[in-house]
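Okay, structure first, notes after.
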Amino acid sequence: MAQPRELPGVIAWLDRASEWLGRSLSWLVLAMMLIQFLIVVLRYAFSFNSIPMQESVMYMHATVFMLAAAWTLKHDGHVRVDIFYRAMTPKRKALVDLCGTLFLLLPVMVFVILSSTGYVSKSWRIFEGSPDSGGIPGVFLLKTLIPLFAGLMLLQALVEASRHLLVLTGRIDPPAHDHDHAEERL
């Protein structure tokens with residue numbers, strides 16, 4: 001009899017929240033693309049340049065990159081050199097992923113939070129703005145993405161560690177990942 005694939009309580013809620021955030025942020029990619037297209041058309045067709053429009057693309061890119069990283073972790077989308085991992089059993093993969101999460105990901109994210117706190121707080125104290133005249137006066141908000149990124153990654157890492165532990169103990173089935181990507185078949 002197959003085990004359920006569902007995570008318990010708060011862990012499942014955090015996993016759903018990560019999914020919602022990742023899907024919501026994907027709309028920023030469309031907005032970023034449209035604004036970048038508009039910037040190019042305005043610059044080359046009408047010789048018009050807008051620093052706030054250019055900076056808004058940077059802000060959106062940073063937001064997507066930093067805040068959707070946890071969603072990417074959830075979907076196992078980060079770069080992995082898996083020469084040995086690919087041939088492992090699901091339980092062995094869960095053990096490797098659990099160790100990687102506990103001994104690499106969690107400590108690095110704690111370090112990012114601790115090392116960025118002073119940097120971000122200084123920016124907030126002066127409400128740091130754009131170095132360009134007429135730019136977006138919200139660099140302090142942009143810098144806030146650093147600890148937010150690490151915090152979201154910490155939460156998703158706890159979800160993933162719980163998932164791997166539940167797989168190891170046989171309480172849930174391993175997730176069915178579709179790793180049959182074209183680049184792996186080359």
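Residue numbers count from 1 along this sequence.
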| remark: Value for CZ (Arg92) from CG (Leu168), rounded to nearest 0.5 Å, stands at 10.5 Å
| task | May I have all residue pairs that pass salt bridge (Lys or Arg N to Asp or Glu O under 4.0 Å) and include part of residues 105-127, sequence neighbours excluded? | result | none
| request: Give the minimum heavy-atom separation between Leu98 and Leu165, together with the two atoms involved. | output: CD2-CD1, 4.1 Å
| note | Separation between CE (Met58) and OG (Ser130), nearest 0.5 Å, reads 7.0 Å
| Glu55: partners by salt bridge (Lys or Arg N to Asp or Glu O under 4.0 Å), with sequence neighbours left out | none
| request: Could you tell me whether a side-chain N or O of Tyr59 sits under 3.5 Å from a main-chain N or O of Val139, the two making a donor and an acceptor? | output: yes
| query | Which pairs, with at least one residue in residues 134-144 and sequence neighbours excluded, count as a salt bridge (Lys or Arg N to Asp or Glu O under 4.0 Å)? | reply | Glu128-Lys143
| said: Let me confirm one number: the CG-CG distance from Asp173 to Leu166, rounded to the nearest 0.5 Å. | reply: 11.5 Å
| note | Heavy-atom closest pair (Gly118 atom, Ser121 atom, distance to 0.1 Å) is O-OG, 3.0 Å
Enumerate, atom names and distances included, each donor-acceptor pair closer than 3.5 Å involving a side-chain atom of residues 26-52, sequence neighbours excluded.
{"residue": "Ser26", "atom": "OG", "partner": "Arg23", "partner atom": "O", "Å": "2.5"}
{"residue": "Asn49", "atom": "OD1", "partner": "Gln54", "partner atom": "NE2", "Å": "2.5"}
{"residue": "Ser50", "atom": "OG", "partner": "Met53", "partner atom": "N", "Å": "3.3"}

| request: Verify side chain to side chain contact (heavy atoms under 4.5 Å, CB included) between Met109 and Leu105, making sure each step is shown before the conclusion. | output: CA-CA 6 Å; Met109 290 303 112; Leu105 181 58; 3.9 Å; yes
| field | Straight-line distance of Lys74 NZ to Glu160 CD, nearest 0.5 Å | value | 7.0 Å
| Quick one: are Leu141 and Ile136 in side-chain contact, heavy atoms under 4.5 Å? | no
| said: If I compare all heavy atoms of Leu102 with all of Ala161, which pair ends up nearest, and what's the gap? | reply: CD2-CB, 4.5 Å
| request: Apply side chain to side chain contact (heavy atoms under 4.5 Å, CB included) to the pair Arg163 and Asp15, showing each step before the final yes or no. | output: CA-CA 10 Å; Arg163 185 185 331 269; Asp15 203 38; 3.1 Å; yes
| request: Applying side-chain contact (heavy atoms from CB on, under 4.5 Å), name anything that partners Asp97, two or more places apart in sequence or on another chain. | output: Arg80, Tyr85, His164
| request: State which residues pass side-chain contact (heavy atoms from CB on, under 4.5 Å) with Ile11; sequence neighbours excluded, sorted by chain then number. | output: Leu7, Val159, Ser162
| note | Closest non-hydrogen atoms of Pro90 and Val167, given as atom of the first, atom of the second and distance, are O-CG1, 4.3 Å
| Which heavy atom in His78 sits nearest to a heavy atom in Met153, and how many Å separate them? | NE2-CE, 4.3 Å
Please tabulate, one pair per line, all N/O donor-acceptor pairs under 3.5 Å involving side-chain atoms of residues 144-152, not counting sequence neighbours.
{"residue": "Thr144", "atom": "OG1", "partner": "Trp124", "partner atom": "NE1", "Å": "2.6"}
{"residue": "Thr144", "atom": "OG1", "partner": "Phe140", "partner atom": "O", "Å": "2.7"}

| note | Taken in chain and number order and not counting sequence neighbours, the residues that satisfy side-chain contact (heavy atoms from CB on, under 4.5 Å) with Val108 are Val112
| said: Can you confirm whether Leu95 sits close enough to Lys91 that some side-chain heavy atom of one is under 4.5 Å from a side-chain heavy atom of the other? | reply: no
| Is it true that a side-chain atom of Ser18 and a backbone atom of Leu14 form a donor plus acceptor pair closer than 3.5 Å? | no
| request: Quick one: list whatever passes side chain to side chain donor-acceptor pair (under 3.5 Å) with Thr101, sequence neighbours left out. | output: none
| Mind checking whether His75 and Trp71 have parallel, tilted or perpendicular rings, split at 30° and 60°? | tilted
| task | Report yes or no: does Thr72 contribute a side-chain atom to a donor-acceptor pair with the main-chain N or O of Ala68 at less than 3.5 Å? | result | yes
| Cluster link Trp20 to Leu158, ILVMFWY, side chain under 4.5 Å | yes
| Honestly curious: do Leu114 and Phe111 fall in one hydrophobic cluster under the side-chain, below-4.5 Å linking rule? | no
| In terms of hydrophobic clustering (I, L, V, M, F, W, Y; side-chain heavy atoms under 4.5 Å; direct or indirect links), are Phe65 and Leu73 co-clustered? | yes
